[in-house]
Amino acid sequence: MLYGISLAVGIVLLTLGGEALIRGAVAGAKRMGVSPLLTGLVVVGFGTSSPELVVSIDAAIRQQPDIAVGNIVGSNIGNILLILGLCAVICPMSVQPLALRRDGVVVVGASLLFIALAWSGALGRWDAVILLAALTAYLIWAYRTERAQPLPAAEMHSAEADELTAIPSSTTMIVMALIVGLAMLIGGSQLLLYGAIGLAQAMGISEAVIGLTIVAVGTSLPEMAVSVIAALRRHADVAVGNILGSNIFNLLGILGISAFLQPLPIAERVSQFDQWVMLGAAGVLLLFLYTNMRLSRWEGAALLGGYVAYLTLSFTIV
């Protein structure tokens, strides 16, 4: 019971902390004169991934690589199958060709890069440098293409920042939002890991499975909130762009930072099963989107069904 309560409270704190941090960071970027495009591309991108970042870094430092890696791989699977599936059921989602050709392809490329680097059985510091260099190259490419071409993809990233309403305006409120958000993220991470590890031990489940499922879903709640709100408001491009961007940040940025701080061994089940599910989910999403540049309700239902199947298999595969 204690582990379950700790897990639940940790997820709540991570969600609230991530929200406060995003709002404070977006408000700070606006006061500093940062363009809405760059704010949506970088600040919101990193902000929605802040729970994954804090939890994976914390797990890596604690010598719990299965949770650190499982959190990222599981989040990327859940982002596509669970969150985009849910959003598509709420509202069929279209996607702009530029976002699909660039961000969609980069998600698949980042997944392949992870699989290639993890082939040795671990992510070391040189692997981390490669991942972070790839993220830097992607951000430069994305910013330059969207600034040079005022296409809907640029409007999408600008709109990501606008989805965050009730943003504090005064310097004091911005600083308070950042401090409170960071404190909640750190505290939530500690509680989440305590509950997740305790629950895994009590139920006889591996830490990798807990990281790939419960922890991954818990840290993905900010992405779910932003995407579902966007879907309800019929801002489909924001929902799709948010998920594609989050998956890129997760693989290249968060795993890169975590592996640089502490080399991460890759669990056998991740290398044999979960990483291929992650790659397959990205491939299926691209296939669905390329058919007629949209994600229909039945395709969203298929993604949700895929996630249910993945969860079922996750607790039966050793």
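Only heavy atoms go into these numbers, but all of them, side chains included; no hydrogens, no water, no symmetry mates.
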Using side-chain heavy atoms (C-beta onward) and a distance below 4.5 Å, is [X] in contact with [Y]?
X      : Y      : answer
Arg269 : Val209 : yes
Asp103 : Val107 : no
Ser206 : Asp66  : no
Phe260 : Leu131 : no
Ser111 : Leu251 : yes
Trp126 : Ile130 : no
Leu132 : Ile257 : yes

Could you check Leu84 against Asn79 for side-chain contact (heavy atoms from CB on, under 4.5 Å), going step by step and ending with a plain yes or no?
CA-CA 6 Å; Leu84 277 186; Asn79 282 350; over 6 Å; no
Heavy-atom pair with the smallest gap, counting every atom of [X] and [Y]:
X      : Y      : answer
Gln275 : Phe114 : OE1-CE2, 3.7 Å
Ala110 : Leu252 : CB-CD2, 3.9 Å
Leu135 : Gly253 : CD2-CA, 3.5 Å
Ala88  : Ser296 : CB-O, 3.7 Å
Leu53  : Ile254 : N-CD1, 3.6 Å
Gly283 : Val108 : N-CG2, 4.5 Å

Distance from [X] atom [atom1] to [Y] atom [atom2], nearest 0.5 Å?
X      : Y      : atom1 : atom2 : result
Leu285 : Ile80  : CG    : CD1   : 5.0 Å
Gln262 : Gln64  : CD    : CD    : 11.5 Å
Leu212 : Ser75  : CG    : OG    : 9.0 Å
Leu82  : Ile243 : CG    : CD1   : 9.0 Å
Ile83  : Ile77  : CD1   : CD1   : 12.5 Å
Leu255 : Leu264 : CG    : CG    : 7.0 Å

Just do the side-chain contact (heavy atoms from CB on, under 4.5 Å) check on Phe273 and Leu313 with the steps written out, would you?
CA-CA 10 Å; Phe273 176 64; Leu313 289 172; 4.1 Å; yes
For the OH atom on Tyr307, are there more than 12 heavy atoms of other groups (residues, nucleotides or ligands in this structure) within a distance under 6.0 Å?
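Counting neighbours around OH of Tyr307, more than 12 heavy atoms of other residues, nucleotides or ligands fall under 6.0 Å, so yes.
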After noting the C-alpha distance and the side-chain angles of Ile115 and Trp276, does the key distance pass the side-chain contact (heavy atoms from CB on, under 4.5 Å) rule?
CA-CA 8 Å; Ile115 292 172; Trp276 303 110; 3.8 Å; yes
Single-linkage hydrophobic cluster, 4.5 Å side-chain cutoff, [X] and [Y] together:
X      : Y      : result
Trp119 : Leu117 : yes
Tyr290 : Leu81  : yes
Val308 : Trp298 : no
Ile210 : Ile61  : yes

Does any donor atom in the side chain of Asn71 or Ser56 lie under 3.5 Å from an acceptor atom in the other side chain?
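Their side chains do contain a donor-acceptor pair, which is all the 3.5 Å distance test asks for.
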If you measure only the distance, is there a donor-acceptor pair under 3.5 Å linking the side chains of Glu268 and Ser271?
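No donor-acceptor contact under 3.5 Å links the two side chains.
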side-chain contact (heavy atoms from CB on, under 4.5 Å) evaluation trace for Leu303 with Leu295:
CA-CA 10 Å; Leu303 293 178; Leu295 199 61; 4.0 Å; yes
Backbone N/O of Pro263 and side chain of Arg125: donor-acceptor pair under 3.5 Å
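Absent.
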Among Leu279, Val73, Ile266, which residue meets the side chain to side chain contact (heavy atoms under 4.5 Å, CB included) test with Asp274?
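Single side chain to side chain contact (heavy atoms under 4.5 Å, CB included) partner of Asp274 among Leu279, Val73, Ile266: Val73.
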